[in-house]
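Inspection log for the structure reproduced underneath, given as structure tokens.
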Amino acid sequence: MKSSEERIAELEQRVAHLESLVKGFETGFETERPRPIQDSIQNTMHNPVQKPIQKPAIPGNLAAAVKTPKEEKRQPIIQKNEPKDKEALVGKYIIGALATVLIFVAAISFIGLVWNRMTPEIKLSIIALSGTALSALGFWLIRTKKNPITSIILGTGAGLLFIAILSANLAFHLIGNNMSILLAGIWAVLFMMSSRYTNLFFTTIIAYIGSYITLMLGLVLMQGDGELLLLFVFVSSISGVMIYTALRKGKVELVAGLTLSMVSYASILLRCYADGFFGSGYLLNGYALQIALIFMIYVLMNLLYKVINNTKAVPVYLIVSAVTTLLTILFIAYLNSTYLDLRTITCYMLFFAIYLIQFILNQVYYKRMERALTRYYTVILVFTSLFINLELYKVPTGIILIGLLLIASEKIWKGESRLYLIGAISLLDSVFLVSNYSNSLIPSVYGLMQLGVMGYVLWKCMDSRQYARINGLKIIGMIVVLANSFSIPSNLINSMNLSGISAYTDSVTGYFIAVIATIVLLRYGYFKNWKNEQFRFFGKNDGLEEDKGMQVLSYAVSTVLYLYGLLEMGAADRVYLQLMAALAVIAIALVQSKLLLSGSGRNSLLTGIWIVFKYLVLTWTVLWSFFDLNITSASYSIIGLMVAIGSISAGFKLRNRSIRLYGLVLTIIMVAKFIVVDLNGENSITRVLALIAGGGMCFLISLIYNKLSENYS
């Protein structure tokens, strides 16, 4: 038996072990699996001297975060520091800046009390010395402790020095214009270079603002080429130092430096244009410096492109491109009207050459941002080529050349394929071409280019398996084919200057070619499903399934051609033109009928009605066009009965009930026309012959039903 002391010791060990387990679970961490209580007791019995019980180990970086409930109660409650941060912001920076402003205003007020008693030299010395002292103090403070207050002190000193330079010229007349510009340039360069030591681009911006104010003053006081040269050197120096300083900072500072430099050069150019455009005197005798200015703008723009090429910049750089384009237009216009007196076509060619070079630079050097730039410069080149062709050939066409340029850039520089953009250019150019006439053969050459480019686009789309775009491009291609079917023959006929031909020759010829082209496209599977792996671009593709969207397009195109052919056949004033139109209409009607009867809607009532109706209208249009018959003529009724007989026969053969029913209805209508209309409009002999013919046809219809209905059943 254990003594009472041993029992008490054993119980104390158990209680101590349980307390250690409870504390371990409260902290949420366990360093090792707890041992059974019996094992612990046995160890205690064999080893009466035990080490103090420790808390479970916690990783170092989490020890501070994990606390027991007692420790949490002892921790002070920490308030959010957002209000304190805002209060510190106002107290340290805003109030500090206001204090600086108040001191500056107080100093100016004090100077104002004794200002009129001072000589110009003393006034200038006070301003200059104050600016020098504040600049030195701000520079020293920024080197030791950088904050907004020290930046304001440095900026105030820089502003006073700049005011001293301007006032020495404008207020005190102690120095001339050129000297003030030179001193302002030195001032700007020194403050820009100081940013290397202050590590603040803020000083560079201050220096640029002062230099730009000096530039505007110099532009107002400019009297000729000498002052323009000085301003060009001034801006080049400031821009060079600013860009050099920005190179040591970062991309944001470099973009700002390039943009501000472009603003300075653009301001000089606009001042040059103001001389001639707004009626003031022509101060400048040469244009070499203006060419240098526009050249520097393009250099800076390309440097800007280079800097942001590898970044995810929002395409605001297109604004810079648009401003540069506007400056280029003004530059060429000013150069032409003031100095060179060039022809209009020469100005267009010069502008086109500039942007062709820029287009090539974009393809070669700016791959990341090339997509947006290519679209922008493509639009510029399209409009320019449009104006060039309008000036040369009196027709707004020829933009297909830009489509060829895009294809060439894709092949040479391995750029992104722009199939929709090229297709849109082909479509737009074909619409321009079909709506205008020219005696030159160049529009026909452009038309052939459009067809070739559109064929390449469709082939490329299939070769690269861009199936999502294929139907849209096929629609564009169909429009291009139809437009050129009319425009190319029309242009060829107009260029021949043939006398005595009909005015409808070009339209009927174009219609005939359009029908042939449509039939060829249908034959080679243009309207079928190109997504099928068995499709061959240069094959008949007879076994491919239909594409529902393209099938609707084929119905629409054939219907439009059918209706247009009826109009041409009725309007043509030559028999051979009427015959050409009639043959084309019959061909497109037959082809469409085959499409409808082989499609999913072959048994639809509307399908049968439309098929028979269009042949009835076709035959009546042929009668009216070739023989100029009145509607009361029995010939229309006889032709109607012939169409009815053909419809009923075709309905039995094709097993299409709707066509047969329409034939029966048409028979009844034609018999009614015989009795109600034709008997009042024909003489006795014609009436008799017509009735005999009508009766014979009705008898034939009856025979057909008696014979074919048995076979059909």
Just distance, no hydrogens or angles: give the donor-acceptor pairs under 3.5 Å from side chains in residues 474-484, sequence neighbours left out.
unit_1 : atom_1 : unit_2 : atom_2 : d
Lys474 : NZ     : Tyr526 : O      : 2.9
Lys474 : NZ     : Lys528 : O      : 3.0
Asn484 : ND2    : Gln450 : OE1    : 3.0
Asn484 : ND2    : Val480 : O      : 2.8

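- Summarising the geometry, atom CG belonging to Asn494 is positioned 11.5 Å from atom OG belonging to Ser440; distances are rounded to the nearest 0.5 Å.
- Within the 4.5 Å cutoff, no side-chain heavy atoms of Gln551 are placed close to those of Phe527.
- Applying the ring pair (Phe, Tyr, Trp, His ring centres under 6.0 Å) test to pairs two or more places apart or on separate chains, those with a residue in residues 372-407 are Tyr348-Phe387, Tyr355-Tyr377.
- Put simply, the side chain of Leu386 does not reach to within 4.5 Å of the side chain of Val382, judged on heavy atoms.
- Considering only residues two or more places apart in sequence or on other chains, Tyr446 meets the side-chain hydrogen bond (donor to acceptor under 3.5 Å, both in side chains) condition with Asn389.
- A distance of 9.0 Å separates OG1 of Thr397 from CG of Leu428, quoted to the nearest 0.5 Å.
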CA sep, side-chain torsions, deciding dist, call: Ile380, Phe359, side-chain contact (heavy atoms from CB on, under 4.5 Å): CA-CA 10 Å; Ile380 298 297; Phe359 178 88; over 6 Å; no

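- For the residue pair Ile470 and Cys461, the shortest heavy atom distance occurs at CD1-SG, 3.8 Å.
- What you find for Ser485 and Ala517 is that their closest heavy atoms are OG-CB, 4.1 Å.
- Between Val445 and Ile442, the closest side-chain pair of non-hydrogen atoms falls below 4.5 Å.
- Between Phe486 and Tyr564, the ring planes lie perpendicular to each other; the angle is over 60°, past the 30° to 60° tilted range.
- Contact of the Leu335 side chain with the Leu342 side chain is not registered, since no non-hydrogen atoms from C-beta on lie closer than 4.5 Å.
- Separating the CG atom in Leu401 from the OG atom in Ser385 is a distance of 6.5 Å, to the nearest 0.5 Å.
- For the atom pair CD1 (Ile422) and CG (Leu473), the distance works out to 10.0 Å, reported to the nearest 0.5 Å.
- A donor-acceptor contact shorter than 3.5 Å is absent between the side chain of Ser490 and the backbone of Ser487.
- Expressed to the nearest 0.5 Å, how far CE of Met550 lies from CG of Leu521 amounts to 12.0 Å.
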Pair up each side-chain donor or acceptor in residues 582-593 with any protein partner under 3.5 Å, not counting sequence neighbours, and list the distances.
unit_1 : atom_1 : unit_2 : atom_2 : d
Gln592 : OE1    : Trp610 : NE1    : 2.9
Gln592 : OE1    : Lys614 : NZ     : 2.7
Gln592 : NE2    : Tyr555 : O      : 3.3
Gln592 : NE2    : Ser558 : OG     : 2.8
Gln592 : NE2    : Thr559 : OG1    : 2.7
Ser593 : OG     : Ala589 : O      : 2.8
Ser593 : OG     : Lys614 : NZ     : 3.1
Ser593 : OG     : Tyr615 : OH     : 2.9

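- The backbone N or O of Asp506 sits nowhere less than 3.5 Å from a side-chain atom of Thr509 that would complete a donor-acceptor pair.
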Show the numbers, then the answer: is there a side-chain contact (heavy atoms from CB on, under 4.5 Å) between Ile360 and Gln363? CA-CA 5 Å; Ile360 295 173; Gln363 301 295 318; 5.7 Å; no

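- Counting only distance, with no hydrogens or angles, the side chain of Asn336 and the backbone of Ile332 share no donor-acceptor pair below 3.5 Å.
- Listed by first and then second residue, the side chain to side chain donor-acceptor pair (under 3.5 Å) pairs involving residues 576-590 are Gln578-Ser625 (not counting sequence neighbours).
- In the displayed structure, Tyr420 atom OH is contacted under 6.0 Å by more than 12 heavy atoms of other residues, nucleotides or ligands.
- Without hydrogens or angle criteria, Ser430 side chain to Ser426 main chain gives a donor-acceptor distance under 3.5 Å.
- Between Ser444 and Asn491 the shortest side-chain heavy-atom distance falls below 4.5 Å.
- Across Asp429 and Gly398, no two heavy atoms sit closer than the pair OD1-N, 2.9 Å.
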Under the side-chain contact (heavy atoms from CB on, under 4.5 Å) rule, what do Phe351 and Thr325 come out as? Steps first, then yes or no, please. CA-CA 9 Å; Phe351 186 81; Thr325 301; 4.0 Å; yes

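- For residues 385-412, the pairs satisfying salt bridge (charged side-chain N to carboxylate O under 4.0 Å, His left out) are Glu410-Lys460, with sequence neighbours left out.
- Across all their heavy atoms, Ser554 and Leu595 have their closest contact at OG-CD1, 4.1 Å.
- Inter-residue side-chain proximity for Leu492 and Ile488 is flagged as met; some heavy-atom pair is nearer than 4.5 Å.
- In terms of heavy atoms, Leu373 sits closest to Ser321 at CD2-OG, 4.2 Å.
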Between Ile425 and Thr378, does the side-chain contact (heavy atoms from CB on, under 4.5 Å) criterion hold? Intermediate values first, please. CA-CA 10 Å; Ile425 290 174; Thr378 297; 3.9 Å; yes

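- Counting only heavy atoms from C-beta outward, the side chains of Val395 and Phe432 never approach each other to under 4.5 Å.
- Residues Leu406 and Ser409 approach most closely at O-OG, 2.7 Å, considering heavy atoms.
- Annotation: Arg574, atom CZ; neighbour count of heavy atoms from other residues, nucleotides and ligands within 6.0 Å is above 12.
- Between Leu326 and Phe331 the shortest side-chain heavy-atom distance does not fall below 4.5 Å.
- Distance check: Leu577 CG to Tyr511 OH gives 13.5 Å after rounding to the nearest 0.5 Å.
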